[in-house]
Amino acid sequence: MTRCLSNFDASAMGRASFDAVIVGGGLAGIFCALNLPRRMKTAVLCKGSVEDCDSYLAQGGIAASIGSDDRGLHIRDTMTAGCGVNNPQAVRILVEESEQAIRNLAELGVSFDRRPDGRFQRSLEGNHSARRILHVNGDATGKGIMTALIARCAGRDNISLLENTFAVDLVTREGTCSGVIAEKAGRLLCLSSPAVVMATGGIGQLFPVTTNSKVLTGDGIAAASRAGAALDSLEFIQFHPTALYSPVKAERAFLISEAVRGEGALLRNREGDRFMPRYDARLELAPRDIVARAIFDQMAKTSSPCVYLDITGKKRAFLERRFPMIFSECLKRGIDISKDWIPVVPCEHYCMGGIRTDCDGRTSVDRLYAIGECACTGVHGANRLASNSLLEDVVFGARAAAAVAGRAAPPADVRDFRLEGRKAGGLADPEKLRAGLRLLMEEDAGIIRSGRKLGQALAAIEKVQRERIDPADLTTREEYETADMVETARLIVSAAVKNRSSIGCHYIVDS
């Protein structure tokens, strides 16, 4: 049964009809829109500006097997990183369609870094057994790709980029999705469509420290759950090992890309000891969950708020050229990475689980699709291989576009969509509620988890949901967003409670 956040009455809202509505303006959503036929009138809803997404922030690059590369090796690396619980079909599709994905991006104007002989400049990252990571402008890959694709969208008459437009809930009837209730500038809109694609990204703002954009509060997962969509693997939350440490909490942690370790950086504790040899034979290039736990352990053993990344063995000119964003950002904070060690700490980075889909983006709700980080094809298993995320956006964004185009139909009439029953009155002190939720998620659903504490956390979240969220008639974006955070946190912790086995990023110290 559909649940919604407000007492909605579509007949009293502003209305518009589209052939496709894509919720989320990151790489998955934008690429999906560009792959839809020009005859399809398409809306892309961006919660903030079109630059407010993790795709725009991505530094490391995009993994791809091209030319004579061994596809089997890329498949094996992805499966190994995911602890073997990946969906083999999804992994095979990801790798086998990666070369075409790069071609498609290049045709859309993405200018990948190249060597003097014209071949792609490619690098190595953690758990990759070959150099297969492509970049744009060194460590500004996401920005380079998104800038090119946003420009392409501007030239398409059929695509409307609706910025500062928040998708509150899905319009569903009898297991079929027919539109989106959205909020823009305090006004509710009903956007009807025969195809809705969720591309809302991650859940980072559920944690106190994250590399994620400020707009990523799990809204797509929460809305899909309220509409009855099946979810999968939400217990698998990846903590990136090396965010730049700061004693002052920032809105978003600055990422020190895995590519820095790929170029030879060493991890040292506060005493200067290189510690990764004690934890894994792959050293600094071990999977992210292993490196993050090793750092967490070293911080505890040395009573330190961080560890250090040492790339002082490389020349300044190389570092400025290879990592211009990282070099510049560190220098702003008084750190010359050619001379100084970089203080780093693990923080929330990526959610492997999400709305369950097949390999064409279809969910369990008819005419509802999901792609990108909010979706779960199972391609990442229990831990994402570095730089497979941008590739996932492009490969599965294109496949979802083909599926949507193949089912186009006149939009349903949703004027009679009406839900009521919530009591009057909003949510008291939502910011305080968020702060408490973030602290609980950090302590009980973080890098190291306890079965007992997860159970206690779930009970606390369910109490908030039952007593504060479910009864209230929510009317503001802050209230909607806070409700989505509580819903998504409940789903994550519930999944973690049910999985009693330590695997990948889901690390349990008791049962």
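Numbers for residues simply follow the sequence, beginning at 1.
- A donor-acceptor pair under 3.5 Å is absent between the side-chain atoms of Arg367 and the main chain of Val196, judged by distance alone.
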Pair Phe207-Phe239, ring pair (Phe, Tyr, Trp, His ring centres under 6.0 Å): steps then yes or no
CA-CA 11 Å; Phe207 291 82; Phe239 291 80; 5.6 Å; yes
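- The neighbour count for Lys143 NZ, taken as heavy atoms of other residues, nucleotides or ligands under 6.0 Å away, does not exceed 12.
- In this structure a side-chain-to-backbone donor-acceptor pair under 3.5 Å is missing from Glu99 to Ala64.
- A distance of 4.5 Å separates NE2 of His349 from OG1 of Thr211, quoted to the nearest 0.5 Å.
- A 4.5 Å side-chain heavy-atom check between Val379 and Asn388 finds every atom pair outside the cut-off.
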Hey, mind stepping through Glu235 and Arg449 against salt bridge (charged side-chain N to carboxylate O under 4.0 Å, His left out) and telling me if it holds?
CA-CA 11 Å; Glu235 69 270 34; Arg449 298 169 174 178; over 6 Å; no
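- Once rounded to the nearest 0.5 Å, the distance linking CG of Asp52 with SG of Cys46 reads 9.0 Å.
- A donor-acceptor distance shorter than 3.5 angstrom exists from the side chain of Asn86 to the backbone of Thr78, with no hydrogens or angles considered.
- Judged by distance alone, with hydrogens and angles left aside, the side-chain atoms of Arg76 form no donor-acceptor pair with the main-chain N or O of Gly72 at under 3.5 Å.
- Pairs passing the salt bridge (Lys or Arg N to Asp or Glu O under 4.0 Å) check and including a residue from residues 197-222, sequence neighbours excluded, read Lys47-Asp219.
- Judged by distance alone, the side chain of His128 and the main-chain N or O of Ala386 form a donor-acceptor pair under 3.5 Å.
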Set out, in order, the CA-CA distance, both residues' side-chain angles and the distance that settles side chain to side chain contact (heavy atoms under 4.5 Å, CB included) for Ile203 and Ile237, then state yes or no.
CA-CA 9 Å; Ile203 52 88; Ile237 309 291; 3.9 Å; yes
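- With hydrogens and angles ignored, the 3.5 Å screen pairs no side-chain donor or acceptor of Ser328 with any backbone N or O of Pro324.
- Taking all atoms of both residues into account, the shortest heavy-atom contact from Leu45 to Ala167 is CD2-CB, 4.3 Å.
- In terms of heavy atoms, Leu391 sits closest to Ala63 at CD2-O, 3.1 Å.
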Just do the side chain to side chain contact (heavy atoms under 4.5 Å, CB included) check on Gln238 and Met352 with the steps written out, would you?
CA-CA 7 Å; Gln238 185 176 82; Met352 273 70 69; 3.8 Å; yes
Before you tell me yes or no, could you show the steps for Val91 and Met79 under side chain to side chain contact (heavy atoms under 4.5 Å, CB included), namely the whole-Å CA-CA distance, both residues' side-chain angles and the distance that decides it to 0.1 Å?
CA-CA 8 Å; Val91 175; Met79 295 290 293; 3.7 Å; yes
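- Residues Glu373 and Tyr350 meet the side-chain proximity criterion, which asks for heavy atoms closer than 4.5 Å.
- In summary, Asp169 and Arg226 engage in a salt bridge, as defined by a charged side-chain N under 4.0 Å from a carboxylate O.
- For the atom pair OH of Tyr279 and CD1 of Ile295, the computed distance is 10.0 Å after rounding to the nearest 0.5 Å.
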Stepwise, does the side-chain hydrogen bond (donor to acceptor under 3.5 Å, both in side chains) test hold for Arg282 with Asn127?
CA-CA 8 Å; Arg282 291 162 291 189; Asn127 220 40; 3.2 Å; yes
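- Between Arg115 and Phe120, every side-chain heavy-atom pair lies at or beyond the 4.5 Å cut-off.
- When the options Glu96, Arg132, Arg92 are evaluated for a side chain to side chain contact (heavy atoms under 4.5 Å, CB included) with His74, the one that passes is Arg132.
- Listed for the Asp113 side chain is a donor-acceptor partner under 3.5 Å among the backbone atoms of Gly138.
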Do Glu392 and His380 pass the side-chain hydrogen bond (donor to acceptor under 3.5 Å, both in side chains) test, and can you show the C-alpha distance, the side-chain angles, and the key distance before you say yes or no?
CA-CA 9 Å; Glu392 176 196 17; His380 302 304; 2.8 Å; yes
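- Once rounded to the nearest 0.5 Å, the distance linking CZ of Arg322 with OG of Ser257 reads 7.0 Å.
- Here the side chains of Ile22 and Ile30 are not in contact, with every heavy-atom distance at 4.5 Å or above.
- For Glu284 (side chain) and Leu267 (main-chain N/O), a donor-acceptor pair under 3.5 Å exists by modelled atom type.
- Taking a cutoff of 4.0 Å between a charged side-chain nitrogen and a carboxylate oxygen, Arg399 and Asp360 qualify as a salt bridge.
- Counting only N and O atoms by type, the side chains of Ser98 and Ser65 include no donor and acceptor under 3.5 Å apart.
- Thr242 is not listed as a side-chain neighbour of Val260, based on a closest heavy-atom distance of 4.5 Å or more.
- Panel note: side chain His240, backbone Leu255; no donor-acceptor pair is recorded below 3.5 Å.
- No side-chain heavy atom of Leu368 sits less than 4.5 Å from a side-chain heavy atom of Thr172.
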Residues Asp77, Ser129; criterion side-chain hydrogen bond (donor to acceptor under 3.5 Å, both in side chains); working and verdict
CA-CA 7 Å; Asp77 291 347; Ser129 55; 2.8 Å; yes
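- We find the CG-CG distance between Asn212 and Leu206 to be 10.0 Å, quoted to the nearest 0.5 Å.
- Looking only at side-chain heavy atoms (C-beta outward), Val344 and Val307 come within less than 4.5 Å of each other.
- Of the possible donor and acceptor atoms, one in the side chain of Asp70 sits under 3.5 Å from a partner among the backbone N and O of Leu73.
- The environment of Phe254 atom CZ is dense: over 12 non-hydrogen atoms of other residues, nucleotides or ligands sit within 6.0 angstrom.
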Tell me which donor-acceptor pairs under 3.5 Å the side chains of residues 103-111 have, and how far apart each pair is, sequence neighbours excluded?
{"from": "Arg103", "atom 1": "NH1", "to": "Gln100", "atom 2": "OE1", "distance (Å)": "3.1"}
{"from": "Asn104", "atom 1": "OD1", "to": "Gln100", "atom 2": "NE2", "distance (Å)": "2.8"}
{"from": "Asn104", "atom 1": "ND2", "to": "Gln100", "atom 2": "O", "distance (Å)": "3.4"}

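- Side chains of Arg156 and Thr42 form no contact here, defined as non-hydrogen atoms less than 4.5 Å apart.
- In this structure, the separation between CG on Leu170 and OG1 on Thr176 is 12.5 Å, given to the nearest 0.5 Å.
- In plain terms, the two heavy atoms of Ala259 and Glu125 that are nearest each other are CB-OE2, 3.7 Å.
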Start with the C-alpha gap between Ile93 and Phe396, add the side-chain angles, then the distance that decides, and say whether side chain to side chain contact (heavy atoms under 4.5 Å, CB included) holds.
CA-CA 9 Å; Ile93 288 169; Phe396 292 102; 4.1 Å; yes
